2 protein chains.
Amino acid sequence: MRAGSPRLLREINDRAAIEALLRNGPLTRAELEGIIGLSKPATAQLLTRLETEGTVLRNGLRGGGRGPRAQLWTVNGALAHVAAVDLTPDTIDIAIADISGTTLTEHRAPMPKTDVLEAFHSAITKTAAQAGLTPDALHHVVVGSPGAVDPATGRLNYAPHMPGWENKNIPEELEALLDTSVTVENDVNLVALEEMIAGRAIGVKDFVLLWPADAVGAAVVVNGVLLRGATGGAGEIDALQVPDHAHADTGTERTGSRYGDLLDSTAIARLARAHGVSARTGRSAVEKALSEGPAGREFLVDLARRIATGVANVIAVVDPELVLLSGEVAQAGGTTLADLVAAELRHLVVPRTPVQLALVTGKPVRSGALHSALSVVREQVFGLPAATTEPFRGPQRDERAAPTSPSAR
Amino acid sequence: MRAGSPRLLREINDRAAIEALLRNGPLTRAELEGIIGLSKPATAQLLTRLETEGTVLRNGLRGGGRGPRAQLWTVNGALAHVAAVDLTPDTIDIAIADISGTTLTEHRAPMPKTDVLEAFHSAITKTAAQAGLTPDALHHVVVGSPGAVDPATGRLNYAPHMPGWENKNIPEELEALLDTSVTVENDVNLVALEEMIAGRAIGVKDFVLLWPADAVGAAVVVNGVLLRGATGGAGEIDALQVPDHAHADTGTERTGSRYGDLLDSTAIARLARAHGVSARTGRSAVEKALSEGPAGREFLVDLARRIATGVANVIAVVDPELVLLSGEVAQAGGTTLADLVAAELRHLVVPRTPVQLALVTGKPVRSGALHSALSVVREQVFGLPAATTEPFRGPQRDERAAPTSPSAR
DNA sequence: AAATCGTCTGGAAAGTTAACAGACAGGAGT
DNA sequence: ACTCCTGTCTGTTAACTTTCCAGACGATTT
C-alpha cells in the first residue's frame, strides 16, 4: 500500500463519480452528491472539470419538483467503444456498444466451414460500419467461444469443435486481424457472468454454473470473480473420470468414464431408450420424459444421478453457495430435474448445496461478453477496478441514494 | 465506491505507514518515506501523531553512516495480543504473539480423552499467564483443527476424530469459554497459508495443497486467498468418489471408492503388500519402497496413480498453477513420489500442472494459525485489509527501498 | 411562500517544496 | 597523530498548493 497527496483524493473521487454515473444512469448534481458523499461545491466543480475534459456530458434537464430544473449528467459514451462476439461453430453474433453501455448495433452472420478468420473480420467490419466505426477504433473486443485460451501460449484448448484453430495464438491472430486488443473467453464463463449480473446469481459470491451439453463445461465463480485457472482450464470437467451411477445399464465403463461421455446428446438418448423413452436427442428425450410418466421419471432420476456425480466432485473441491444448471438439456428438464439432482447430491456430499436453473434469457454469451468488454475498457479509460464486486447492473433509478441529506457521510 | 475528504487521505496514509512498519521491521523516518512515498515533513508529522496515539514506538537509533543517528520506529506490539492453537486429537500446542508478530510464549500439553474444553481452557490460561495476560485480554484466537466449521451453524464437519464436538457451535462455545473472539480453521488450510507466506508457494496466487493422510484434505488457494467454501467444506475431498487406478488388486470397489479410503494408512500398507513390500503403516511402506528397488518402485507408481486420480479432479475444477503435496506419507515419498504423481497426471488432465513437495518445517499449523490471527487483529485494530495479497513476511531489511531520493515518487 | 438550483466566499485539513540548524564521519592539512 | 573542514544526513520550521466543507446569496419554479 502506498500513501498519497491530495491529488490521490481527486483521483478517488473522480472514479467514484464516474462509477456512480455509469451505474445509475443520468444523474443530477444533487443525486450524485448523495451517492458519492461529496459536498455541493466539490461535486459541482468535479462535474465542470470532467465536462471540460470531455469525460461527462450534460444530458437534458430534470424538472417536476420545486425550484429550477436540474442539470442531468452522463458519462460521454463516445469515449470508447467495445464489441462483443458470440462465436459458435454455426453462427457469429456481434454487438457493439459504447463505454456507457448502450448497444449501438447488432449483427448476426452464419459461420462458414472455411476461412473462419475472414468471416470474422468481415462481420466485425460490417458491424462497426453500422455504428460509424472502423474495427481498429474499437477499444476492446471480447469473443465468447467454446474452449479455453491458455494465457501463456494463447492456444485454444478443450475445443475440438473449432477446426483450424489448433496450435495458433488465437488472441494474437485476432488482434493482428482487427488491430485492437482482443480477449477470448470461455462461453460458459460468460454465461455465468451474465447470471451474476442479471440472472439468478445476483449477489451470490460463490457459485458454479454447469452446462451439460456435447462438451460439458462449468464456470466457477469464487469471491465474485470468475475463476479461469492457470492455463485457462478451470471448470473444464468434460474429461473428469467419474463412475456411472445410473441404474440402467447402457454399456458404459462402470469403473470410470469421461463425464462428458455420460452427458452428451447421444448418451442421454441412449439412457432414455434403456428406460423405454425413445428420442433422438438429449433434449427431446428429457422433454418426452417430462410429459410421459413413471417410466420417464425413472429416466430422469438416472440422468440426475449422472449429472450429480460430476457436480459432487465440484462441490467437494469448492463448496459453492449455489449450483446453477444451464444449457438446453437442463432447461428442458426444468425445476424437476434440478430438484432431482439436488436430491441425488445429498447421497454424495455433505453440503446441502441448492441446485437451481439458470435464468438465462436472450443471448447470455453475447451479453456476458459485452459486460466483460465494458469492464476491461472502463478499467483502461477510467481506472475503475476491473473485477467490481458489485457488477454494473444498468440504470437503476429506484435504488439510488435518496438525496435527503446531501452532506451526510 | 465512495468519495472522501482529506480525512480519508490521512486514513490511507496512516494505514500505509503501519503496514510498512509491520512488514519491514523497525524503520527510520527516511526509510519509511521511501516506502510509502510521503514527503519528509508529512512522514515526521505522521509518526509523532501515531506516537502520541500510542500506535508506534521509538525503537533505538541507527548510526553508522554520516550525520546524526536516525530514530527507529516500530508498531507498538502491546496494542493487542493473539493466540494460535494447533489442536490435534493427541496434543494441544499454543503460541501467543503481540500484534507486531513477535511470539511471546509457547506451550504444549497433551490432549486428554475427556473434557477437551477444560483442557483447552486451562492450557490457554497457562500460556496467557506466561505472557502476563489473562485469556480475555487476547484480541483474537485462531484454532487449527481437522475438519471444517460451517460458518452458518458453527458445527465442525468432516471431523470424526474429534469426539464430543458434534452438534455444537464450536466457535461460540470457545468464545464463551475464553471471553474472546475465536476462529476455528481447518488445519490443512493453515498449512497452505504458511506455505504461501514462508514455504514453496510464495508468490503463487493459485495452488492446491494436498494432504494425504487418514483423512485426506486439500486446501485451495484462489487469487491468493484461501477458499473456505459456503459451508466451510472447500477442499474436503476425502469423500470424493474416484475409481481406483492402481494396477495391483487390493479388493477395492473398482467402480468408485471414497478417495480417503484409498489413501489412509492401512490402505496404503495393503497396496504395498500387494507389491511385496511389507510394512504396517503407510509412511513406513513408502520409506521401505524407496530404499528397496524395482518392486518398491512398482508400489510407488501404483500409489502415485491413486493420488493422481483425486488430484486430477481438483485440477479439472480449479486448474491451479501448482500442486503441493504434504503430510508424512508425501514427505516420506519425497520428490520421487511427487514426480510420479506429476507423470500420472499427464494421462488424466490437459494442464501440465507441476507437483512439488511442500516445504513445511517446524509447526506449520500453528504458524499458519498465528499469521491468520495476526491478519484478523490487524484488520480490527488498524483497518488493514485482511487478505493482503502480499502477505506479511517478517522483517526484510535488505528489501527496503533505497532512501537515495526521498522525495522521488 | 417555500423549496431547490447553481454559484460564491472564506476556512480547514492534508501534503509539498525549500530552507535552516545541528550532528557525525572521513579526509586534508599541519 | 592531532585538528579542522567539508559533505551528508537528521529533524524542524515556514510558506504555498490542493482539495474539500460550511454557509450564504440570488434566481427559479411550483
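Here is the naming used below: chain letters follow the sequence lines, and residue numbers restart at 1 for every chain. Predicted, not measured: the structure shown is a model, and the values here were computed from it.
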Legend entry - Nearest to side-chain heavy atoms of A:S39, which nucleotide of D:dA27, D:dC21, C:dT7: D:dC21
Legend entry - Integer-rounded Å distance: C:dA12 P and A:L9 CG: 19 Å
Legend entry - Salt-bridge contact B:E31-B:R62 (side-chain N to carboxylate O under 4.0 Å): yes
Inset, instruction - Answer with base, sugar-phosphate or nothing: what part of the nucleic acid does A:A42 contact at a heavy-atom distance below 4.0 Å? - result: sugar-phosphate
Inset, instruction - Give a yes or no on whether a salt bridge exists between A:R378 and A:E19, defined as a side-chain N under 4.0 angstrom from a carboxylate O. - result: no
Inset, instruction - Look at all strands and tell whether B:Q71 reaches a base, only sugar-phosphate, or nothing, counting heavy atoms closer than 4.0 Å. - result: sugar-phosphate
Inset, instruction - Give B:A70 one of three labels, base, sugar-phosphate or nothing, depending on what nucleic acid heavy atoms sit under 4.0 Å from its own. - result: sugar-phosphate
Inset, instruction - In plain terms, say whether B:E321 and B:K205 are close enough for a salt bridge, that is, a side-chain N and a carboxylate O under 4.0 Å apart. - result: no
Inset, instruction - Measure from the side-chain heavy atoms of A:R66 and tell me the nearest of D:dC20, C:dT4, C:dC8. - result: C:dT4
Inset, instruction - Would you tell me if any nitrogen or oxygen in the side chain of B:S5 comes within less than 4.0 Å of OP1 or OP2 on D:dC21? - result: yes
Inset, instruction - For A:G63, answer base if it contacts any base atom (sugar-phosphate contacts may also be present), sugar-phosphate if it contacts only those atoms, and nothing otherwise; contact means non-hydrogen atoms under 4.0 Å. - result: nothing
Legend entry - N-O pairing of A:R366 and A:E194 below 4.0 Å: no
Legend entry - Nearest-nucleotide pick for A:R10, side chain only, options being C:dG15, D:dC20, C:dC5: D:dC20
Legend entry - Residue whose closest nucleotide on DNA chain D lies nearer the 5' end, A:Q45 versus A:G64: A:Q45
